[in-house]
Each structure stands twice: as structure tokens, then as C-alpha cells.
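So the structure is just underneath, and the comments pick up after that.
This one's a predicted model, so the numbers in the text were calculated from it and none came from an experiment. Here is the naming used below: chain letters follow the sequence lines, and residue numbers restart at 1 for every chain.
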4 protein chains.
Amino acid sequence: MAEPDEHPASKRRQIIHGAEIVFTECGYEGASMSRIALRAAVSKGTLYNYFTSKSELFAAFVEQACASLIQVFEPVCEQEELAVTLNRIGQRMAALILSPDSLVLFRIVVSEAGKFPHLAQIFWQTGPQTALAYMSDWLGQEMQAGRLQPSDPTFAAEQFFALCQTRFGMKRRLLLVTETSQEEIDLVVGGAVRLFLNSYAAAAPVGLPRS
Amino acid sequence: MAEPDEHPASKRRQIIHGAEIVFTECGYEGASMSRIALRAAVSKGTLYNYFTSKSELFAAFVEQACASLIQVFEPVCEQEELAVTLNRIGQRMAALILSPDSLVLFRIVVSEAGKFPHLAQIFWQTGPQTALAYMSDWLGQEMQAGRLQPSDPTFAAEQFFALCQTRFGMKRRLLLVTETSQEEIDLVVGGAVRLFLNSYAAAAPVGLPRS
Amino acid sequence: MAEPDEHPASKRRQIIHGAEIVFTECGYEGASMSRIALRAAVSKGTLYNYFTSKSELFAAFVEQACASLIQVFEPVCEQEELAVTLNRIGQRMAALILSPDSLVLFRIVVSEAGKFPHLAQIFWQTGPQTALAYMSDWLGQEMQAGRLQPSDPTFAAEQFFALCQTRFGMKRRLLLVTETSQEEIDLVVGGAVRLFLNSYAAAAPVGLPRS
Amino acid sequence: MAEPDEHPASKRRQIIHGAEIVFTECGYEGASMSRIALRAAVSKGTLYNYFTSKSELFAAFVEQACASLIQVFEPVCEQEELAVTLNRIGQRMAALILSPDSLVLFRIVVSEAGKFPHLAQIFWQTGPQTALAYMSDWLGQEMQAGRLQPSDPTFAAEQFFALCQTRFGMKRRLLLVTETSQEEIDLVVGGAVRLFLNSYAAAAPVGLPRS
DNA sequence: GATGAATGAGGGTTCATTCAT
DNA sequence: AATGAATGAACCCTCATTCAT
């Protein structure tokens, strides 16, 4: 199961961890292999024994970071009221958008999307697309069960996720806000659920709060 | 009328234009003053006669690019059916999101938001915030006129803009799509208007299309 | 008397004055023509209308500075007791060595003596050599008058001047002392006069102070 | 015996040697790291593996040069006639002043004393001050032994050293003389010893030579 | 397999000098 | 005669990469 004739995986992880720290702090161009070597506590030469170039190390870091983000969505959605499940999914999505880790990853992937289109694709696939597929599946089931009006479940999921980014999505990416209160998150997610169910629920529309 | 005692503005523009090309292509760190000088067709020394440093030139480029984006939203919204106006606004917002100029600006501002928080702020203010204020005002009027349910108009505007980014917002920022068909835009904007009016319109909800 | 077909001398002086400020502060290499132009309140182009190069402007500055230093020695030596005259000459020499103007000139000429041997020569001739010739003449007269023992008057003058630099000569040039008290100057000059007269006076030797 | 975990000292010396050549020839500002690298036969990058900056390399060069000068004064002064010992010390001092190595060091330290006061201090301490302390001690002993009149031994030493610079001290620093004949050195040192002993010796004054 | 000294191209920036106005 | 915008070489320094140990 191990890779006996390869570089030990532990040192590889160690290097990627150092790379994560530095890339995260300085971006791709701003990071130097010397600093990464320092933070990974290996020599500069060793870096090149494990990765043929800076760009390859960067790719490895991004891929690993993407992989570690996806888990967030694993355990979702039991049998309960629709609004409650949607709320939980929305809260989770909001948490993901607001989390420093995903934020920094998003920002660095966007920065280098021109130079590393492959990484942008990986980010998309392991992140948003996976979440989308998951929710789309679930919505499809609910539609078939008659609890949601029949419609394109993928588009519905996309709209819901778009709504979950109301207010803080862009500001967060621009680093214009550092913290977001739970009240505000509740407001945004609640609003997303309301708009979503008012259009997609099989039942009667939900009333708006008076401002 | 001319500016006899100043650096000629035309050359300043020429330099900023060269900077735009290179910054746009390589990002801030990846761009070199040599390349900018080459693209601007001036000597490297001349760059420093107009801008004291690379960062200042970058700031000038971003500010100018922000200023040239804002006009998009100026003339909007007459007296007509709500859905029509919303559709026009949504189309305009979608066009903005999809335009290469705003896209490239967004990407570079996000990249350097850590190093140049001031520029992120400028981008936010001249772009999203202005559009938001504008639409919020209009929605407030419609609410007072009884054509929309009374609610927080700013939040409603934020939700509408979030909905307008459905499907292609993030993919575009990751450079995963280069062109978007008008049909798809119509689908997204139409979907945004539908969800919006279903919740906010004073009248009865609009039906969903069958997928 | 003026130079009607030449550059006006006043602007020339103005430029040299600016050069003096900057060269004095930054040294030859450290000074930039831009700064000199700024300090002289003329354009950079004008600098080159009056001086063909930075080095020529530097030469002009050094020559002018040398010329303005020499005057220090003009009015010396009346008819009075030998020790009194020597003391006055010594005091003047000490003042010259300690004066900021001559110090800065010496330091800059020493710095650039390799590159501008001509300037070192000018400094020597207008400064030390002139003082030397002057004192040597006077000593020669005193020897002929029988008030000093017959000897090489130039060498005697050189020794006296060397003695006047006791203690603070080198430290001052190394910028290790910024101020010197009058007591210390008196001590050094007094010591110089004593040693000088003990050897050169026709009369009996002067006693040393007990430490 | 070797230094396995350090930069090899030999290459360090090699670099300092190259720096010595270039700094000596061009001064601090005039020297370029490229030229130093060329003269040291290493790449420019290597310079920065050993010294973090140009100024640090300069400091290392000056300190090393100071250290190598100090030895001149080590073995002095046995039991013999005063005039003979003084003559030997004077000759040594003259040799030091006239030596190209100390000359070039003095000139560069004076040049940069404003920018590197620490180096001026080091130069002073390892050079003149050490010599002074040494001679002052010896003079103090001779005074106590009754062979010199009691007086301030430090001041006496300072006067003697000042006298030893008669005639060629300043001219040499200005690079106005490149070689000095032994006759002239003998004349200057002999004159210094004579003036010194005429004032400080316990015995009768020594006669002056007729010019 | 791990090291880190060595490299040299390229980074941002300064500056003496020129020349059209 | 005076200007100052333009130049481009040279500045100090960084860094991805290599290779002898």
C-alpha cells in the first residue's frame, strides 16, 4: 500500500504544508522557494527532489487544499421539513464562503487562473460543482416526491447557492469584511430559503418580514 | 486648455494603457516594469517620470479602470412593467459580470486585495456599491408605490444581484467559460426576475416553467 | 568688466552654491544632478549650459570652496612678542582645522583625490601650501633678525603646523568629535608654541607644565 | 578543524579580497557589486550568500583591513638611548603613514565616516588609539624613571605622532606624493625626535642643524 | 536521498545626459 | 538662454534552479 520505491509521502506532506503557509501568505509570485524550504524545514534541494518546479509544487498545494475543503458537504439532509434542511445547507454554504481557508484558496486560484487553468478547473470540480451535484440530486428527489414544484433541479440549486452569497460574498472576497455576525448570516440564509421556497415549494408562498 | 506645466496627460494615458495590458495579463507581481515600458512604447525611465513606483502605477491603473466601469449603470428604469425593468437591469448586470474588462479588473483586485486594501475599497465603491445604491433607491420607490411588498430595499437589491450571478458568476471568475450564449443569459436573468417577483411583488406569484 | 557674451556669472554662482550644498551633504557619487538643480533653483538643462558634466561642476565647486578658505590667513603677524604671534597663528590654524567648512572640503577632496588629482593639487596649493609659504617667509625674517635660531624656515613651519593638529586633527577628520572646547584648543596650541620655541627660539628654553 | 556547517572561510576571504581591490579603487559609492563579483571571481549572487548587503561587505572589508594594520606596532622599545628608541618609533609611524595599505584605508574611512561612523571608530581604535596608548605607557615609564621631564605622557605622545607627520602627512593623503625618499623620512623623524627631546628630555637641549 | 553553495537572469529603481520646445 | 521630458545603462538585490558533495 505504501510506495516503497518512491519519496516518502510524509516528507511530501511536510513540504506541501510549508508551501501552503507561504503561498497562502504571499501568493504564487510572491512566494519564494527559499521561504517554502525554510517553513517546510527542508533544504532547497529537497524541494526539487519532490517537485520538479515551483509551479508543480503550487499545483500540488492547490489540489491538496481543494481536496480538504470538499469534506464540508458530506453529511447533509435527513428527513425533516424542507425549510429546515434548506436552512442547514444554506448555513453550511455560508460557512464555507466565509471560512478563511476557502477564501484564501479562492483568492489564490482566481489570481492564477490565467496561468494555471487546470487548477481553476480542479477547484471548481472539487468545490462548487460537487456541492451543486449533491444538492441538485436532493432537489430532484424532492421534486419527484411532490414536495417541490417540478423544475430543473440543477438550476434551482444554482439559484439557491447564488442567494446564499447575498451581501457578504463579494465583500468577503475583496477582504472588505473580516468577521460576520451570526445574525447577519441568519438573515442572508433565511432570505435565501424564503425566496427559494416561495418559488419552488409546492405549497403556498411564505410571507416576507416587514422591514 | 492644454496643461503646459504638467506631464502631458496623453503620455500618462499611454503608460496606463501599457500597464493595463501587462497587469491584466500577468497580475501585479508577475508584471515587470520593463514589459510595461515595452508595451507602453516608452523607456523604463519615463515610467518613473510619471509614477513614483510600480505600486503607484498599479493604483492608477485600477482606479482608472474602476472609473471607466461605473458608467454602465447610469441610464436605467423608466415607467413600465416591473418585470420588464427588472429584466433590463438584470441583463445589464449580467453583461457587466460577463464583460472581459470588469472580469479582469475583479480578478486582479481580488488578487491584490491583501496588499492594496484601498484599491479593493475603490473597486467596491465605484462598482457594486454604486449599483446597489441605485437599485435600492428604485426598489424603495416601488415599495412605497405599492407595486412591491414593503421590505428592506437594500437587501432585496442584494438578493437580486446575487441571483443574476447564478450559474456563470463563479465559473467566469475562474476563467472556466469564455463565452456565454444569449439564451443562457436570458435563462439566468429570467430566473432571477421570477424568484424576485414571486417573493417581492404585491400581486400573485408567477408560475415556474416546467423543465 | 562683465562678460557680456558669456553666461551671466550670477547664475553660475547660483548653481555652484546649489552644488556646494549637495556635494557637501552627499559627496561626489552620492550627489545627483537633479538634486543640485533643485537646490540651485534652476532646471537640469541649465546645469549643462554652464557646466559640461557633473565632474566639471564638481571641480568648479571645489575650486571655489578652496578659494574661499584661504582668506582665513590674510591678516597675521605684527610686531610683538614671538610667543604671542605664534599663538595667534596656531589658534587660527586650529580654527581652520576645526571649522566645518574646511573639514567637509578636506573630506571630499580626500575622497575624490584618486579620481580628481587636479583638485587635490588645487586644495593643497590654495590651502596648506599658501599658509606654509606665508609662515615660512615670516619665520625666515625672524631668523635673519636673530630672534629665532637659523634653520630651514619651511621645515620649521611644517613642524609647527603639524603640532597644531595634535590630538584633534585625525579624530576630527574621522568625525569622531563634533565640538572642541576652547580649553583644549589652548592646550594644543600652547603645547605647539612651547615645543616650537624650546627648539627654535634664540633665547633659553621654556619650562614644561607639571602634569 | 574545518568548518563544515559554515560558508567556507576561504571564499569569504576571496570575496573580501575582491572587495578590497574595488573599494580601494573606486570608493564605497563608486564600487559596484558587479565589479566586486568580477574581481572576486564569483557570481553576483554568491556575494549575497556571504554578505547581506553592499554595506555589510564594506564593513567586513574595513574591519579586516584595520585588523591587519594594527600589528605594525607590536614589538617596540628595549633598553637603549632615548633618542634611538624614539627614532625607531618615529620611523615605524612614518612607515605606517606612508604605507599604501594604511593610506588607502584612511582615505576610504574618512570618505565614509559620515555614513559609517562605526567604521571610523573601529579604525581609530585599532589604529591611532592603540599606538597612542602604547607610546603613552612607555613615556610614562620614562618620566617616572627620570629620563623625561614629568608631564602628561598621552599629550606628549600625541605631539610626537603629530610631528612624525610633518611634511608628508597631508600631501600623502591627498595623493600628491607617491614615493618618499629615506632621506626625507630621516629628516622628518629626526626633526620630530629633536623637538620632542628638546622639550621633554631631562637633560640639556639638542642643537639644531644649520640649514 | 539530502544538502546548500553557486549561478545568472531578471527584478524595481536611479541618474547623468540629451534635445526638442 | 532655459527648460524638463525622455532615455537607457547601470545600480543593488532576489530568486528559481542546478549540481557536487
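Each of C:Phe23, C:Phe61, C:Tyr28, C:Phe123 was scored for a ring pair (Phe, Tyr, Trp, His ring centres under 6.0 Å) with C:Phe116, with one residue passing: C:Tyr28.
Look at C:Tyr48 and you won't find any side-chain N or O under 4.0 angstrom from OP1 or OP2 of E:dC19. For E:dT3, one of the phosphate oxygens OP1 or OP2 lies less than 4.0 angstrom from a side-chain nitrogen or oxygen of A:Ser43. For D:Ser32, no side-chain nitrogen or oxygen approaches OP1 or OP2 of F:dA10 to under 4.0 Å.
Using Watson-Crick or G-U wobble geometry with both donor-acceptor distances under 3.5 Å, E:dA9 finds its partner in F:dT14. Figure legend. E:dT21 is base-paired to F:dA2; pairs are counted as Watson-Crick or G-U wobble with both atom distances under 3.5 Å. If you check E:dA16 for Watson-Crick or wobble pairing at under 3.5 angstrom, you find it paired to F:dT7.
Summarising the geometry, the separation between CD on D:Glu29 and C1' on E:dA16 is reported as 15 Å, rounded to the nearest angstrom. Atom-to-atom, CG of C:Leu57 to C1' of E:dC15 comes out at 15 Å; the value is rounded to the nearest Å. Nucleotide F:dC15 holds its P atom 12 Å from the CG atom of A:Leu38, rounded to whole Å. The separation between D:Leu47 atom CG and F:dC15 atom C1' is 16 Å, rounded to whole Å. Straight-line distance from the CG atom of D:Asn49 to the C1' atom of F:dT14: 11 Å, rounded to whole Å. B:Lys11 has its NZ atom 5 Å from the P atom of F:dT7, to the nearest Å. Distance CZ (A:Arg35) to P (F:dT17): 18 Å, rounded to an integer number of Å. In this structure, B:Phe51 atom CZ and E:dG12 atom P are separated by 15 Å, rounded to whole Å.
For a distance-only test at 3.5 Å, the side chain of B:Lys44 qualifies as a donor-acceptor partner of the base of E:dT13.
Here the closest heavy-atom approach between residue A:Ala40 and residue A:Ile15 is recorded as CB-CA, 3.8 Å. Of all the heavy atoms in C:Pro117 and D:Leu176, the pair that sits closest is O-CD2, 4.4 Å.
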